Amino acid sequence: SRFGFKRLSSASWPSSRGLYIDVTALISKQCITFEEHLLSDIGRTVPCTHLPELGPYGECNINDFQTDLSEVQQEIRSLCIFTHAKVIPANAFSRLTTLQFLYITGHQVRRVHSGAFSGLLNLKYLHVYFNDSGCSSVIMDTPVFAGLDHVEQLSLEGLRWSGVPNTTFDHLVGLVRLVLDTICVQELGEVLCRFSNDTFHLKHLTLKNSGITSIRSTGCPSRSKAWPLTVLAEVQTLEITGDPIRIIATNSLAVFRNLSSLTLSFYGVWLGSIWESGIRKVSKLELSGITLNEYHTNFKDLCHLVSQLRLQSLELTHVTLDTLSKEDIDNCGTELKKLSVCNSKIQHLDPRFWTSIAGLQILNMAHIELTTAPFCFAGNGTMWNLTTLGLWHNRLTVVKTNQFICMPLLEQLLLNDNWIKILEPAAFTGLFHLKVLKLNSNRIKVLAVNDFDSLRALEILLIDNNVIENIEHGVFRNQDELRELTLGRLEYVYTLHLSVLFYGFPEKMQRLCIDAHYGTNIYIGSIGQPNSSFILELNGDILIISDYSSPFFESVRELKLNGSLFLFKLYFFVPYFSNLESLEVLGNPEKVYINYNGISKLRYLKRLKLINLNFSNHTNPDITFWNLKLLRILVLYNCRLSFLTKRMFRDLQSLELLRLHSVSPLILHDGMFDVLPALREVVLDRVDFRCDCENGWLLEWAESSRQVQVIYMQHQQCILQYEKWNFLATMEKLCQTGMQYLCYLGTASTITLLVSASVSYRFAYWPCVVLFFRLRGYVERKIGRRIRKRRRPRQEEDYLEEEAEMKYDAFVSFSSHDEAWVFGELAPRLEEQGQPRLRLCLHNRDFEVGKGIVDNIAESIYSSRRTVCVLTRRYLRSDWCGLEMRMATHRLLEEQKHRLILIFLEHISPFELSAFHRLSKLVKSHTYLDWPQDESERIHFWERLRRNIAAEGRDI
């Protein structure tokens with residue numbers, strides 16, 4: 001199923017604690033619930049758009065309404081459902097009495113029983129989505145909406161309207177907004193005939209993509225029912241979009257006597273049919289359609305429509321206008337306050353057109369290929385009371401001096417997504433009331449000191465997505481009211497001094513976003529701090545903060561980073577933001593290795609989201625999350641973690657949501673969730689497990705936990721014999737103890753044995769070589785011991801003589817890639833310094849010339865008192881190093897003396913070692929040495945190594 005676990009046959013799984021759990025008890029979970037503060041991080045499990053402030057939220061992927069919904073908490077207020085069921089039965093939601101928002105996606109639903117929504121006494125929003133590609137024939141038993149007296153908004157999508165009974169809406173007495181999408185009707189009257197006289201609160205009616213081609217006033221078919229005139233008379237908003245309306249009959253819309261907003265996709269030929277439709281005064285009219293695009297529209301006709309309907313707002317989309325001039329606008333009247341022309345073409349635009357509609361307050365002209373906007377120059381000193389001017393997505397290249405000087409009341413200027421390269425001096429002169437200026441997604445290269453000099457009321461300034469080469473000092477010195485600033489891309493600004501940009505940080509600043517692209521050095525300086533906490537966003541490959549300003553750092557509550565390197569004095573700079581409550585870091589694991597352990601110093605952190613970081617080398621994941629006792633949300637997305645342990649999460653006492661995604665195998669240690677008392681959700685976006693029955697603890701925990709929901713468990717895979725398999729299905733097969741599985745295992749083993757025998761000669765070379773030298777050494781030593789026993793009967797004398805006969809103190813096994821460390825550190829320390837001086841056998845120096853490599857290895861190992869293995873990842877991948885390791889371990893097993901010393905030159909995780917069974921077993925049963933990163937600890941390392949090489953028969 002899409003979310004819920006697919007039911008498999010019941011089986012018992014042995015857990016790590018010796019218990020057995022029922023498979024179906026875990027697999028049957030279909031629903032999740034969560035609080036509002038987890039909404040943005042938990043991810044969507046079903047199609048849905050939740051409304052704010054309506055938590056707790058729930059999401060279900062169900063097959064049976066009666067049984068699967070029993071998992072939903074009764075106090076839930078918002079619920080989204082994806083179902084494969086064909087029927088919504090009666091009383092399906094009767095136990096969810098607190099529900100206020102219900103969204104159902106059921107592409108296979110073909111019947112809704114009477115009383116299906118009974119018991120939902122508090123429901124206000126209901127959306128039912130029947131089909132995503134057409135109209136489904138659904139039987140709706142009446143009264144289907146009985147009991148929904150408080151529903152204010154109803155949306156029905158993908159439903160064939162002809163099958164809807166006339167009494168369907170009788171019980172929706174509180175309905176305010178009705179949205180009908182893809183209902184397959186041709187005439188608006190077919191929709192209105194189903195309305196009930198009881199829905200007298202209806203104010204907003206929306207029809208989308210429903211195939212309506214005509215609006216007539218012919219009434220209902222066969223006169224079986226009349227239009228609910230009293231209800232339609234109270235409708236204020238009518239939207240009919242995505243429908244090819246070709247015919248609007250005279251007086252067909254006269255029933256909407258209080259209409260204030262009309263939206264139409266008009267495919268007709270004559271615009272006059274709109275004002276002859278019988279509608280009276282309308283405040284807002286939105287028009288779009290093929291006809292307006294294919295045939296040139298005369299704006300004088302539109303003005304006649306404006307004056308006839310006394311419009312205050314006219315929005316045109318996909319139109320082709322011959323001209324837009326002062327003469328065309330003359331007849332539009334004085335009541336028009338808003339004019340929008342978008343995604344359209346104007347053959348000839350007279351920049352003086354606005355002088356005829358002095359009362360216009362909002363003008364939007366977007367996607368119309370404007371190259372200039374000389375409105376004020378053409379006005380010859382006329383003042384314009386415009387408050388909003390939107391010219392986004394055009395082809396403007398320059399903002400000229402005094403270009404907007406005739407608009408002293410302008411509050412919003414939207415110039416984003418143009419081709420603007422130059423801001424001429426005094427470009428924004430006279431805009432003393434401007435609050436919002438959008439210049440993002442242009443081609444601006446220079447920000448001059450006086451560019452924004454007159455914009456003293458500015459609150460929002462967006463200049464991101466510009467390739468800025470130079471920023472002059474003091475460019476934002478007059479923006480004391482600034483609340484939001486986005487700046488970038490600073491591809492050629494290698495040093496950014498914030499203090500000289502602002503001359504004092506704006507006290508009302510709430511969000512600062514800097515996109516440095518390749519990177520920059522940021523100097524904070526004596527900048528001060530805002531009155532309240534704010535959000536800081538930094539983007540750039542290499543971000544370096546070059547000085548420390550305690551007030552500024554402490555005022556940041558939310559920090560978002562996107563790049564590869566984030567440094568302050570060569571250290572990860574995040575810990576200096578000591579009061580952080582939310583941290584997001586998006587890195588690049590392939591480029592840079594950073595020590596992220598400083599995150600543990602952020603004691604006030606509540607939300608932590610780490611994406612594409614590399615924890616495998618310079619970071620100790622064991623302590624990264626220590627001290628975060630207030631953390632509630634933790635998202636780890638592809639952070640190169642090999643394992644998660646109880647020790648790592650020991651301080652996360654408040655953690656409620658843990659979200660994991662890993663492109664490499666991740667080991668979850670037994671009991672890691674036991675230290676998380678507040679945990680409610682575990683989201684496994686992608687976690688590749690090992691196909692091992694030791695993971696049974698996770699399934700036992702998920703089944704037994706009553707407060708934690710494990711999401712997407714059914715999608716996870718495990719690795720077995722270098723192949724990926726479904727985790728749940730494979731665990732069932734591997735860990736069940738039934739006779740059938742034993743037979744299956746025996747058959748599979750037999751087949752594997754036969755196949756292995758047929759190709760064994762190809763892979764038996766190294767084992768045979770090792771066995772040969774093992775036997776030869778065994779025979780030589782047995783014969784030598786007998787001779788020595790005849791000469792010296794006492795065992796101690798034999799051992800001392802055998803030690804004395806050894807040519808070397810230690811044979812050093814290492815990879816050629818680690819040769820520099822061996823000859824630069826190991827050999828000088830042990831052979832030339834300290835006491836006693838040791839004799840080492842190094843293959844590059846001491847192997848006999850002309851003798852076979854295998855013979856040299858065998859002779860060197862058996863001529864040395866000890867074998868020292870320098871372990872790195874390259875060592876594990878070397879065949880020759882593997883042979884040396886096998887010979888040394890064979891000697892260890894034969895003689896029962898501890899002659900093998902392991903040195904880990906770099907950290908290698910238990911998961912990586914698990915592929916080398918013999919070495920993994922040695923690490924678990926023998927003590928080993930780690931090369932210390934701290935130079936002060938290396939003296940003790942060399943003393944300990946020398947002592948154990950020189951010791952007689954003792955383990956390290």
Side-chain angles (χ1 to χ4, degrees), residues 126 140 142-146 148-156 159 161-181 183-208 210-241 243 245-266 268 272-286 305 308-311:
L126 174 61
M140 304 185 75
T142 57
V144 67
F145 296 128
L148 300 184
D149 299 344
H150 295 91
V151 167
E152 298 177 1
Q153 179 172 320
L154 172 64
S155 298
L156 300 175
L159 171 68
W161 192 252
S162 58
V164 176
N166 291 336
T167 58
T168 299
F169 300 98
D170 286 352
H171 297 273
L172 299 174
V173 295
L175 190 63
V176 176
R177 180 182 297 275
L178 175 62
V179 180
L180 303 174
D181 192 340
I183 59 174
C184 296
V185 295
Q186 293 183 345
E187 167 62 46
L188 177 61
E190 298 179 40
V191 178
L192 304 182
C193 286
R194 301 295 196 280
F195 288 2
S196 169
N197 286 311
D198 294 332
T199 55
F200 47 84
H201 287 104
L202 186 65
K203 295 293 185 291
H204 310 282
L205 175 60
T206 301
L207 293 99
K208 302 177 182 178
S210 296
I212 297 175
T213 59
S214 63
I215 301 175
R216 306 176 189 269
S217 57
T218 56
C220 299
S222 304
R223 304 295 179 180
S224 59
K225 183 179 179 181
W227 286 3
L229 300 180
T230 55
V231 172
L232 300 180
E234 298 301 322
V235 173
Q236 299 175 1
T237 302
L238 175 62
E239 298 181 26
I240 308 176
T241 60
D243 296 311
I245 300 175
R246 301 184 182 276
I247 300 174
I248 302 179
T250 303
N251 293 323
S252 57
L253 297 177
V255 293
F256 298 98
R257 290 181 296 178
N258 289 302
L259 204 62
S260 61
S261 176
L262 175 63
T263 302
L264 292 176
S265 296
F266 184 62
S273 60
I274 297 177
W275 68 67
E276 290 187 353
S277 63
I279 57 176
R280 303 179 182 180
K281 178 183 177 181
V282 176
S283 299
K284 176 182 177 182
L285 175 63
E286 295 183 34
L305 188 62
Q308 191 79 12
L309 301 177
R310 291 185 291 177
L311 291 177

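Values below: all heavy atoms of this structure, side chains included; hydrogens, waters and symmetry mates excluded. As the structure is a computational prediction, the values presented were derived from the model and not from experiment.
T250 OG1 to R216 CZ: the interatomic distance, rounded to the nearest 0.5 Å, is 11.0 Å. Rounded to the nearest 0.5 angstrom, I279 CD1 and L238 CG are separated by 9.0 Å. The CD1 atom of I240 lies 7.5 Å from the CG atom of L205; values are rounded to the nearest 0.5 Å. The distance from the OG1 atom of T199 to the CG atom of N197 is 7.5 Å, given to the nearest 0.5 Å. To the nearest 0.5 angstrom, D181 atom CG is 10.0 Å from T206 atom OG1. One distance of note links CD1 of I274 with CG of L309; it measures 8.0 Å at 0.5 Å rounding.
When the shell of 6.0 Å around NZ of K208 is examined, it contains 12 or fewer heavy atoms from other residues, nucleotides or ligands.
Applying the side chain to side chain donor-acceptor pair (under 3.5 Å) criterion to H204, with sequence neighbours excluded, gives T237. With sequence neighbours excluded, the residues forming a salt bridge (charged side-chain N to carboxylate O under 4.0 Å, His left out) with E286 are K284, listed by chain and number. Every residue meeting the side-chain contact (heavy atoms from CB on, under 4.5 Å) condition with V185, not counting sequence neighbours, appears here in chain and number order: W161, I183, E190, V191, S210, I212. Contacts of S252 classified as side chain to side chain donor-acceptor pair (under 3.5 Å), with partners at least two apart in sequence or in another chain: none. For S273, the side-chain contact (heavy atoms from CB on, under 4.5 Å) test picks out I248, F266, W270, with sequence neighbours left out. Contacts of T213 classified as side-chain contact (heavy atoms from CB on, under 4.5 Å), with partners at least two apart in sequence or in another chain: Q186, P244. For H150, there are no side-chain contact (heavy atoms from CB on, under 4.5 Å) partners two or more places apart in sequence or in a different chain.
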Please tabulate, for the side chains in residues 254-262, all donor-acceptor contacts under 3.5 angstrom to protein atoms that are two or more places apart in sequence or on a different chain.
{"residue": "N258", "atom": "ND2", "partner": "A233", "partner atom": "O", "Å": "2.7"}
{"residue": "S260", "atom": "OG", "partner": "Q236", "partner atom": "O", "Å": "3.0"}

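Taking the side chain as every heavy atom from C-beta outward, D198 and L172 never approach each other to under 4.5 Å.
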Side chain to side chain contact (heavy atoms under 4.5 Å, CB included) evaluation trace for L188 with I245: CA-CA 10 Å; L188 177 61; I245 300 175; over 6 Å; no
Steps toward side chain to side chain donor-acceptor pair (under 3.5 Å) verdict (D243, S265): CA-CA 6 Å; D243 296 311; S265 296; over 6 Å; no
Check against side chain to side chain contact (heavy atoms under 4.5 Å, CB included), T168 and R194: CA-CA 7 Å; T168 299; R194 301 295 196 280; over 6 Å; no
Stepwise side chain to side chain contact (heavy atoms under 4.5 Å, CB included) test for F145 and L175: CA-CA 11 Å; F145 296 128; L175 190 63; over 6 Å; no
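Between the side chain of E234 and the backbone N or O of F200, no donor-acceptor pair lies under 3.5 Å.
When all heavy atoms of L192 and P228 are compared, the pair lying nearest together is O-CD, 3.4 Å. In this structure, T263 and T241 approach most closely via the heavy-atom pair CG2-CG2, 3.5 Å. What you find for W227 and G189 is that their closest heavy atoms are CZ2-CA, 3.6 Å.
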